[in-house]
Amino acid sequence: MKKHIIALAAIVCLFLISVSLYKVSANKREQSKAEEYSEYLSQIVEDDFTGINGIESAKAIVSYDKAQDQYSVELSLITDEDISEDQVEIYKSVLRKTYDGVKLTINGVLR
């Protein structure tokens, strides 16, 4: 009888451990998917902005806040000409249509 109880306890422990490992694995897969999607969005933003005349390069970092279920973007642009305040506001407006948080830096200056 004791052997049966010990065997049952061992099976229950193994089951609980496997459930815990499955949850950890699922959480890692979810994080990995979110990171991959953030990288994809970053590349899209960079491609969109480097296609604009006067912008030499763009570096975007898109991050996801799981608690808020929101994406934010930090975009750094290097330009070969001055960017007017109207253009800056247009860039921010475009970004805000997709991202809740927007940080825009142009030629090293936070705008």
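These figures come from a predicted structure and were not determined experimentally.
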(request) Report the distance from atom CD1 of Ile106 to atom CG of Leu77, rounding to the nearest 0.5 Å. (result) 5.5 Å

(message) Can a side-chain donor-acceptor contact be found between Thr79 and Asn107 if the only test is distance below 3.5 angstrom?
(response) yes

(request) Taking only Lys NZ, Arg NE, NH1 and NH2, and the carboxylate oxygens of Asp or Glu, determine whether Glu85 and Arg111 approach each other closer than 4.0 Å. (result) yes

(message) Are the side chains of Glu39 and Gln43 in contact, using a 4.5 Å heavy-atom criterion?
(response) no

(request) Check whether any side-chain heavy atom of Tyr99 sits under 4.5 Å from a side-chain heavy atom of Val94, and report yes or no. (result) no

(message) Run the side chain to side chain contact (heavy atoms under 4.5 Å, CB included) test on Leu75 and Val45 for me, step by step, so that the C-alpha distance in whole Å, both residues' side-chain angles and the decisive distance to 0.1 Å come before the verdict.
(response) CA-CA 8 Å; Leu75 177 61; Val45 171; 3.9 Å; yes

(message) Would a single hydrophobic cluster contain both Val88 and Ile90, if residues Ile, Leu, Val, Met, Phe, Trp and Tyr are joined by side-chain heavy-atom contacts under 4.5 Å?
(response) no

(request) Flag the pair Ser72 / Asp100 as yes when at least one side-chain heavy-atom distance between them is below 4.5 Å, and no otherwise. (result) no

(message) Is the shortest side-chain heavy-atom distance between Ile61 and Val73 below 4.5 Å?
(response) no

(request) For Lys103 and Leu110, work out which heavy atoms get closest and say how close. (result) CB-CD1, 4.4 Å

(message) Under a 3.5 Å distance rule, please check whether Gln87 uses its side chain to pair with a backbone N or O of Ser84 as donor and acceptor.
(response) yes

(message) If you define the side chain from C-beta out and look only at heavy atoms, does anything of Val109 sit under 4.5 Å from Thr105?
(response) no

(message) Are Tyr71 and Ser63 packed together at the side-chain level, in the sense that at least one heavy-atom pair is separated by less than 4.5 angstrom?
(response) no

(message) Any heavy-atom pair between the side chains of Tyr91 and Val102 that's under 4.5 Å?
(response) no

(message) If you count heavy atoms of other groups shown closer than 6.0 angstrom to CG of Asp80, is the number above 12?
(response) yes

(message) Hydrogens and angles aside, do Tyr64 and Asp69 bring a side-chain donor and acceptor to less than 3.5 Å of each other?
(response) yes

(message) Quick check against the 3.5 Å criterion: does Thr50 have a side-chain atom that pairs as donor or acceptor with the backbone of Asp47?
(response) yes

(message) Can you confirm whether Glu89 sits close enough to Ser93 that some side-chain heavy atom of one is under 4.5 Å from a side-chain heavy atom of the other?
(response) no

(message) Do Ile44 and Tyr37 land in one hydrophobic cluster if side-chain heavy atoms of ILVMFWY residues count as linked below 4.5 Å?
(response) yes

(request) Quick one: pull up CD1 in Ile55 and CG in Asp48 and give me the separation to the nearest 0.5 Å. (result) 10.5 Å

(message) What's the separation between atom OG in Ser42 and atom CD in Glu35, rounded to the nearest 0.5 Å?
(response) 11.5 Å

